[in-house]
Amino acid sequence: MSQFWKPGTEKPRILDDEEGGVLFLSSSFSSSASGYGFANIEKQRQRLPVYKYRTAILYLVETHATTIIVGETGSGKTTQIPQYLKEAGWADGGRVIACTQPRRLAVQAVASRVAEEMSVKLGEEVGYTIRFEDITDADATRIKFLTDGVLLREMMDDPLLTKYSVIMVDEAHERSISTDILLGLLKKIQRRRPELRLIISSATIEARSMSDFFRSSKKHQGLESEDLGPSMEPAILSVEGRGFNVQIHYVEEPVQDYVQASVSTVLLINDQEPAGDILVFLTGQDDIDAVVKMLTEETQNSRKNSSGLIVLPLYSGLSRSEQDLIFSPTPRGKRKVVISTNIAETSLTLEGIVYVVDSGFSKQRFYNPISDIENLVVAPISKASARQRAGRAGRIRPGKCYRLYTEEYFMNEMSAEGIPEIQRSNLVDCVIQLKALGIDNILGFDWPASPSPEAMIRALEVLYSLGVLDNDAKLTSPVGFQVAEIPLEPMISKMILASSELGCSEEAITIAAVLSIQSIWFSGRGVQKQLDEAKLRFAAAEGDHVTFLNIYKGFLHSGKSSQWCHKNFINYHAMKKVMEIREQLRRITLRLGIVLKSSEGDMQVVRKAVTAGFFANACRLEPFSHNGMYKTIRGSQEVYIHPSSVLFRVNPKWVVYHSVVSTDRQYMRNVITIDPSWLTEAAPHFYQQQRQNPM
DNA sequence: GAGCACTGC
C-alpha cells in the first residue's frame with residue numbers, strides 16, 4: 001500500500017481543467033458598497049466572492065436576455081443575486097424576481113437566509129413556494145424562491161410567467177428533467193417576452209453548450225436586431241467559490257475491487273493523515289454495508305489507530321434517527337468515517353469532512369424504451385461529479401481527495417458531464433406536461449438535450465392508450481386535461497378518474513397517495529423479521545393496493561398516532577406525507593368535479609379502477625412456472641413479484657403492477673390481482689392491437 | 001428474498 005498513491009499535481013483550485021470559453025471579467029467591474037443598512041450582515045454579504053461581480057452581473061442582466069453564471073459552491077450567487085436584482089429595481093412596479101432550485105429543502109433554506117439578510121419577515125417581501133407550502137404574499141412578495149417543478153405548474157395558469165421580470169434557474173448543471181423542460185420553455189417565452197431576463201446558474205457547467213442553446217433562438221426570430229432591447233447573445237460570467245484547496249490523489253493502477261480499495265484507503269488515511277473526518281462515495285446499500293462491516297471489524301480487532309474510527313453508513317433508506325448520527329459532532333480523538341451514496345454529493349452537506357474517497361461509480365437510472373423498463377445500474381460518474389465529490393473535502397480547511405481510479409482514466413476516459421436525466425427516463429410525465437402547456441409538436445421541441453425519439457414515441461403510445469391523447473396526439477377533453485391537472489403519474493391519475501365512475505374515489509386517492517411516496521414501511525436495519533410480521537397484520541389477499549387501504553384505515557383509527565406507526569413498523573413521516581398528498585388530491589378532484597365516494601368495502605371495483613390506470617402493466621404467471629415467473633402481456637418481458645410485496649410467493653395468475661425495479665431480475669413492486677376480462681374492458685383497442693401484433 | 005437521488009396544483 002505504501003506506493004499505492006502518488007500525489008496529484010498541486011492545483012490552485014479544483015475547478016481548473018477544461019472550462020474553455022468562460023469569460024472571466026476583470027476586477028475593474030468591481031462595485032462599491034450599496035449603502036444598505038445593517039452593518040454586520042452587509043459586511044458579511046460583501047465578503048462573499050460574488051460581491052465583486054455585483055456591478056458586472058447587473059450590467060450583463062440589463063444588456064443580455066440570458067446571462068449564464070458559472071460559480072462554485074460558496075460563491076454566494078444564490079442568496080446574493082436576487083438581492084442585487086431587487087436593489088437595482090428589477091422588482092419595481094409589482095414585478096417579481098424568481099429563483100428556482102431542484103430541491104425543496106434548498107428552497108426553504110435559501111429563502112430564510114435571504115429574508116434574514118434583508119431583515120424582512122419570510123412570506124412577505126421574500127417568500128417561497130414548494131408543494132404543499134406557499135409562503136408568499138401575492139401583493140408583497142418581490143423575491144420568490146421555488147422548485148423548478150412548481151414554476152412549471154405555474155405555467156399552466158400563466159404560460160408566459162408574466163409576473164416575473166427575472167427568472168434565475170439555479171443548479172442547472174444537475175440537468176434534472178424539470179430543469180431541462182423549464183429551460184426549453186423559458187427559451188420559448190423569451191421570444192414572446194423580450195423584456196424577460198434569464199439567469200442560468202450552475203456549478204461546473206458546460207457553459208458553452210448552454211450558451212449555444214440560448215443563442216440559437218436568434219435564428220428562429222428572424223429580424224430582431226433593433227438597437228433597443230437586450231442582446232440575444234448570452235453572456236457568460238465566472239465567479240470563484242470559497243472552498244479550500246483540495247489535493248487530488250489518484251491510484252497508479254486501476255483497482256479491481258473498489259469496496260476493498262475503499263477500506264484500505266480509509267485505513268491508510270487514518271494511519272498517515274492528521275485529524276479530520278472521511279467521506280467515502282460508493283454506489284448503494286450493498287457496497288456500503290459491506291464496507292461498514294469490514295471497517296467495524298478492523299476497528300474491533302485492531303489494537304492500532306483504527307480503534308478511533310466511528311464508522312457510519314449514509315443512504316436515503318436509513319431512518320431519521322440513523323441519519324441524525326451523521327450530523328453529531330465527532331468526539332475529540334476520534335475520526336468519523338461516513339460511507340455514503342450520492343446523497344452526500346448534492347442533497348446533504350456534511351461539515352468537518354477533510355478527506356474524500358471517491359470510488360468513481362454511482363447507481364444511475366437508465367430507461368429502455370423498447371422494454372419500457374427503467375434500470376438502476378452501477379455506472380462510472382462524470383468529471384463534473386468527481387469534482388463535486390472532491391469539493392466536499394474543502395469546506396472547512398484544505399483537504400484531500402483519493403480517487404480510486406487513475407489520472408489517465410480521469411483525463412482521457414471519464415466523460416465531462418453526466419447524461420441528462422431526460423435521456424435516461426420514461427417520458428410520460430414530461431410529454432403530458434408539455435401537451436398541457438400547448439406544445440403540440442413534442443418531437444420538434446427545442447430541448448437543451450433531446451430525448452430519444454423511441455422514448456418519446458413510447459410515451460405518446462402510452463398516453464394514447466390511456467385515452468389522454470387523441471389520434472392527432474392532442475390532449476383529449478376532458479380526460480386528457482384532467483389527467484394533466486393532477487400532479488401524479490398519468491397512470492395513477494387515470495386510475496382516479498376511473499374510480500369516479502366505479503364509485504371508489506375515496507379509496508383511489510388513498511392508493512394514489514401511497515403509490516406516490518417511496519415506501520410507507522419503516523426501514524431500519526436488522527428489523528426485517530418484525531417488519532414482515534407487521535406486514536402480515538395488514539396483508540390483503542387482493543394485493544398491495546388493498547393492503548395500503550388497510551394500513552390507512554388502521555392509521556386513522558389510531559388517531560394518526562406515531563406510536564401506532566412505531567408498533568406496526570410503519571414510517572410515521574411517510575404517513576404524514578400520505579395525508580398531505582391525499583388532501584391535495586381531494587381538493588383537486590373536487591375542483592375537477594369528481595364526487596368523492598367510498599365503495600364501502602367492495603374491493604372488486606377498487607381493483608377495476610387500478611386496472612383502468614395500469615392495464616398496460618398486466619402480467620400473467622407463466623404456465624408451469626415453478627419459480628414465480630411472469631410475463632408482461634405487452635412486451636413478453638420476464639418479471640417476478642418483488643419480495644416486499646404481500647403477493648410474493650402467492651403468485652396469482654393475473655396481476656397488474658405499479659412499477660418494476662430492475663436488479664438481477666425485473667421485480668414488480670406494488671402488485672394487485674385482476675381478472676383478465678377487465679383488461680379488454682378497460683382498454684379494448686390496446687389489447688386488440690396487442691393480439692394482432694404480438695411484440 | 002431486496003431498495004442511487006431528487007421532485008410536482
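Letters A, B, ... mirror the listed sequences (proteins, then strands); counts begin at 1. Just the heavy atoms: all of them, side chains too, but no hydrogens, waters or symmetry mates, feed the values below.
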Identify whether any heavy atom of A/Gln584 sits under 4.0 Å from a base atom; if not, whether one sits that close to sugar-phosphate; answer base, sugar-phosphate or nothing. base
Go through B/dA2, B/dG3, B/dC9 for me and flag the one nearest to the A/Lys363 side chain. B/dG3
Using whole Å, report how far CD of A/Glu583 lies from P of B/dC9. 15 Å
Given DNA chain B, 5'-ward residue of the pair A/Tyr667 and A/Asp157, judged by closest heavy atom: A/Tyr667
Quickly work out the A/Ile581 CD1 to B/dC9 P distance and round it to whole Å. 11 Å
Mind checking if A/Arg131 touches a base, just sugar-phosphate, or nothing, with heavy atoms under 4.0 Å? base
Rounded interatomic separation in angstrom, taking CG from A/Leu282 and C1' from B/dA5: 15 Å
A/Glu485 vs A/Glu421, nearer the 5' end of DNA chain B by closest nucleotide: A/Glu421
Round to a whole Å and report the spacing from CZ of A/Arg669 to P of B/dG1. 17 Å
Parallel, tilted or perpendicular: which describes the rings of A/Phe361 and A/Tyr258, with under 30° parallel and over 60° perpendicular? parallel
Is there a side-chain contact between A/Ser316 and the phosphate of B/dC4, meaning an N or O under 4.0 Å from OP1 or OP2? no
Taking the minimum atom-to-atom distance to the side chain of A/Arg103, which one of B/dA2, B/dT7, B/dC4 wins? B/dT7
Within the 4.0 Å heavy-atom criterion, would you say A/Arg104 contacts the bases, only the backbone, or no part of the nucleic acid? sugar-phosphate
Spacing between A/Gln364 atom CD and B/dG3 atom P, to the nearest angstrom: 17 Å
Can you tell me if CD on A/Gln518 sees more than 12 non-hydrogen neighbours from other groups inside 6.0 Å? no
In whole angstroms, the gap separating P of B/dT7 from CD1 of A/Ile486 amounts to 22 Å
Name the orientation class of the two ring planes belonging to A/Phe522 and A/Phe569 (parallel below 30°, tilted from 30 to 60°, perpendicular beyond 60°). perpendicular
Would A/Tyr572 and A/His566 count as a close aromatic pair, with their ring centres under 6.0 Å? no
Nearest to the side chain of A/Ser644, heavy atoms from C-beta on, is which of B/dG1, B/dG8, B/dA2? B/dA2
A/Ser176 side-chain N/O to B/dC6 phosphate OP1/OP2 under 4.0 Å: no
What nucleic acid atoms does A/Ser178 come within less than 4.0 Å of, heavy atoms only: base, sugar-phosphate, or nothing? nothing
Which nucleotide wins on minimum distance to the side chain of A/Gln285, given the candidates B/dA5, B/dC9, B/dC4? B/dC4
By the 4.0 Å heavy-atom rule, please label A/Val661 as base, sugar-phosphate, or nothing. nothing
With sugar-phosphate meaning primed atoms plus P, OP1 and OP2, does A/Asp287 contact a base, only sugar-phosphate, or nothing at under 4.0 Å between heavy atoms? nothing
Listed nucleotide nearest any side-chain atom of A/Gln518, set B/dC9, B/dC6, B/dC4: B/dC6
Note: A/Glu485-A/Arg591 ion pair, threshold 4.0 Å (strictly below): yes
Would you kindly give the CD-to-C1' distance between A/Glu374 and B/dG3, to the nearest whole Å? 15 Å
Under 4.0 Å, heavy atoms only, any strand: does A/Leu376 hit a base, just the sugar-phosphate, or nothing? base
Should the ring pair A/Phe548 and A/His545 be called parallel, tilted or perpendicular, given that the plane angle runs from 0 to 90° and is split at 30 and 60? tilted
A/Glu154 near the nucleic acid: base, sugar-phosphate alone, or nothing, with a heavy-atom cut-off under 4.0 Å? nothing
Can you measure A/Tyr128 atom OH to B/dG8 atom P for me and round it to whole angstrom units? 12 Å
